[in-house]
Amino acid sequence: MSELVKRYTASVFFDKRLWQADIQGSLAHAEMLAAQKIIGASDLADIQRGMAQITQEIESGAFEWKLDLEDVHLNIEARLTALVGDAGKRLHTGRSRNDQVATDVRLWLRSEMDLIIALLVDLQKSLVDVAEKNVEVILPGFTHLQVAQPVSFAHHLLAYVEMFARDAERMSDVRRRTNRLPLGSAALAGTTYPLDRERVARTLGMVDDQGHPQVCQNSLDGVSDRDFAIEFTAAASLCMMHISRMSEELILWMSQNFGFVKIADRFTTGSSIMPQKKNPDVPELARGKTGRVFGHLMGLLTLMKGQPLAYNKDNQEDKEPLFDTVDTLKDTLRIFSEMIGGQLNPASGHKEGGITVNASAMDTAVKKGYATATDLADYLVKKGLPFRDAHETVAHAVKAATSHNCDLSELPLNVLQGFHASIEKDVYDVLSLRGSLNARNTLGGTAPAQVKLQIARHRARLM
Ligand code: ARG
């Protein structure tokens, strides 16, 4: 091989990241080989001793990764053989790098998904914390980015909690299908050695909820399936899409024209030329990084679409998109939980420096857009008008309010009665923001009573 081809085909400088999973998988395999009397007890002891030393060397930075040895698997195996001799050479009995790498990626991704699920829980808790303090804060709810109806700010935040709860659920679901053992598929057709694959699965914690070992049941599929990686990237893409929508809202809300929220200075930057600027870099970058995660999803789908069974070297290209997806998602989730919920101050035991809410700016904005017009229509319906007629009557009232440059609630009673005789003094309860909010007291609605129920439900769930 020329130097260029060596560099082109090698993966060690990125797949060395799998080293822990690689050693974990090798130890489980060796332990089973010994139990099945395929290798001797002293071979197993040598392998265990060698792997303990390699672990130490990698952790301390002393391990020398060699391009000549192509990938993480060959690097570790070569070092093992240098350290313990023949036992190192016996480790690969009944195994191929094809089932080895498939196992490593699954083990690695499984532990990353566990971290991601925990980070999703943290982010939900941050949102619930802020929601709890803002149940009675009212902002305009939008459709088409036009003021529609008043909603509780807590209710708005809890919409995102729902999304992140589904994201966590999806991750757990992907985890189930990731947590299955390819090892024992060997190169593609299985092996002639009497392996106990279920034992290896149990050792590696690849078991279902009842503790039954989960083993890939077809060797060709076992070495070539990367569905789990694609599913993970799809779940990550959905999660980033939710983050990106939230980012978009934060960016709008932080602009002077809204002024609804502020995020702490440590998440913003100034401009090199305009001294007054405080730019929402973190949400903007998150929105931008969403694009690269979507790109990785498309990349992985395309990587797989033309591959005949079973393993092909193409698969080596699954790692960088997967690594980058995991890194991007984890960093984004961490930074968002902190940006929204704040950072724990160990001295006070409280979180500090989260999002700041400007309730009066929200109040001003919601009063600009006739947000209680639907409430007036509903009021007229309760007085016996058909909804379509009520809708039209209210349209006239809104027109009048527009020409007086005031809110519906600021029109005098006699003017309102000019639109319909059934209107009485109690109409002002309906036209108030709080009245409008309280009236939406159905399951999933924005009434504070409902929002409090949801907060309690999330609290219990996120314990
Ligand atoms: N580095 C390879 C990968 O990431 C390991 C498997 C290589 N197998 C092979 N038959 N060349 O996929």
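If you're wondering where the values come from, they're calculated on a predicted model, not measured in any experiment. Indexing begins at 1, ligand by ligand and atom by atom, following the structure's order. Numbers for residues simply follow the sequence, beginning at 1.
Taking a cutoff of 4.0 Å between a charged side-chain nitrogen and a carboxylate oxygen, Glu231 and Arg170 do not qualify as a salt bridge. For the pair Arg292 and Asp324, the salt-bridge criterion is met [side-chain N within less than 4.0 Å of a carboxylate O]. Under a 4.0 Å N-O distance rule, the pair Glu70/Arg7 does not qualify as a salt bridge. A salt bridge links Arg226 to Asp318: at least one charged side-chain nitrogen sits closer than 4.0 Å to a carboxylate oxygen. Between Asp173 and Arg176 a salt bridge is recorded (basic side-chain N to carboxylate O distance below 4.0 Å).
Here the protein heavy atom with the shortest distance to atom 11 (N) of ligand 1 is Arg97 NH2, 3.7 Å. Counting protein heavy atoms only, atom 4 (O) of ligand 1 is closest to Lys319 NZ, 2.6 Å. The closest protein non-hydrogen atom to atom 3 (C) of ligand 1 is Tyr311 OH, 3.2 Å.
For ligand 1 and Ser11, the ligand atoms under 4.0 Å from any heavy atom of the residue are 1 (N). Close approach to Asn98 involves these atoms of ligand 1, each under 4.0 Å from a residue heavy atom: 8 (N), 9 (C), 10 (N). Close approach of ligand 1 to Asp71 (heavy-atom distance below 4.0 Å) involves ligand atoms 1 (N), 2 (C), 5 (C).
Each of Asp22, Asp104, Asp327 was checked for a salt bridge (charged side-chain N to carboxylate O under 4.0 Å, His left out) with Arg17, and the lone residue meeting it is Asp327.
Geometrically, ligand 1 and Gln316 share a nitrogen or oxygen pair separated by less than 3.5 Å.
Under a 4.0 angstrom heavy-atom cut-off, Gln100 registers as lying outside contact with ligand 1.
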